[in-house]
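Structure, as structure tokens:
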Amino acid sequence: SMDFAQSCGTAFTTLSQGLTGSRLASSATAFGLGAQWKLPLSASSGSFRASQTQGGLAADTIGEQGVQASPLAMALVAAGVDAGKWRPPVLVTSPPDPGLSPRVVADAQALGSLRTLMRDAVVSGAARGANVAGTPVYGQVGTARATPGSKYWAHWFVGYRGDVAFAVLVLTKSPSTSAVPIGASFLSGVG
């Protein structure tokens, strides 16, 4: 629990020893990575390519190497944890866009654990700067090089509050920057 709250990648790479590439890829697909969206705008659903090596699989578990995701894709992951179902993105239009069908992302026990972990990250972990008053915030943060060997760092904060899912992405040259303050500013105006 504390490893998740503090965004400790080392602990999660250890968990990869009990996973197979196909099982991890199946979970990524359930949460919408690589889905074929029907939006009339350019937005990536991301992709997941499972590694064939133990070291590569460890990197995959923390969103590195074979994983690509956009802020929109990650907001949909957070929304899936909240609702228990992955729903495709839609533009608010009249009449509504039919889009893709919702689907279950994980079993109830896994979702309950994820919700607890995401709340702990905001209450006492690396995302505690976003523990704003009002409706509880659930989230997770992370940092990784924007691309292998890049001088830029990608700092992200994804989560949900009430019926709003969000994703914040900040690109900087500093590995110690956080996307949490921007997320907290946004959340202060939401519910």
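FYI, the numbering just counts along the sequence from 1.
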Using a 3.5 Å distance criterion without hydrogens, assess whether the side chain of [X] forms a donor-acceptor pair with backbone atoms of [Y].
| X | Y | answer |
| --- | --- | --- |
| S150 | A146 | no |
| S188 | A184 | yes |
| R128 | G125 | yes |
| R161 | T135 | yes |

Who are the side chain to side chain donor-acceptor pair (under 3.5 Å) partners of [X], not counting sequence neighbours?
| X | value |
| --- | --- |
| T147 | none |
| R119 | N131 |
| S45 | none |

#### Entry: Distance-only side-chain donor-acceptor flag, S174 / T172, under 3.5 Å
no

### Query
How about S178 and H155: does a side-chain donor come under 3.5 Å of a side-chain acceptor?
no

Shortest non-hydrogen contact from [X] to [Y]?
| X | Y | answer |
| --- | --- | --- |
| G139 | V122 | N-CG2, 3.4 Å |
| G80 | L111 | O-CD2, 3.9 Å |
| G159 | A78 | O-CB, 3.2 Å |

Could you check whether any side-chain heavy atom of [X] comes within less than 4.5 Å of a side-chain heavy atom of [Y], counting everything from C-beta outward?
| X | Y | answer |
| --- | --- | --- |
| R145 | Y152 | no |
| Q140 | F157 | no |
| W37 | L72 | yes |
| V170 | W153 | no |
| P71 | V168 | no |
| W86 | L76 | yes |
| L57 | L24 | yes |
| V137 | V132 | yes |

### Query
Could you go step by step and tell me if F31 and M74 meet the side chain to side chain contact (heavy atoms under 4.5 Å, CB included) rule?
CA-CA 9 Å; F31 278 97; M74 291 309 298; over 6 Å; no

### Query
How far apart are the C-alpha atoms of V105 and K85, what are their side-chain angles, what is the distance that settles it, and do they pass the side chain to side chain contact (heavy atoms under 4.5 Å, CB included) test?
CA-CA 5 Å; V105 294; K85 290 184 179 180; 5.6 Å; no

#### Entry: Test log, rule side chain to side chain contact (heavy atoms under 4.5 Å, CB included), inputs Y160 and M118
CA-CA 9 Å; Y160 62 91; M118 291 174 76; 4.2 Å; yes

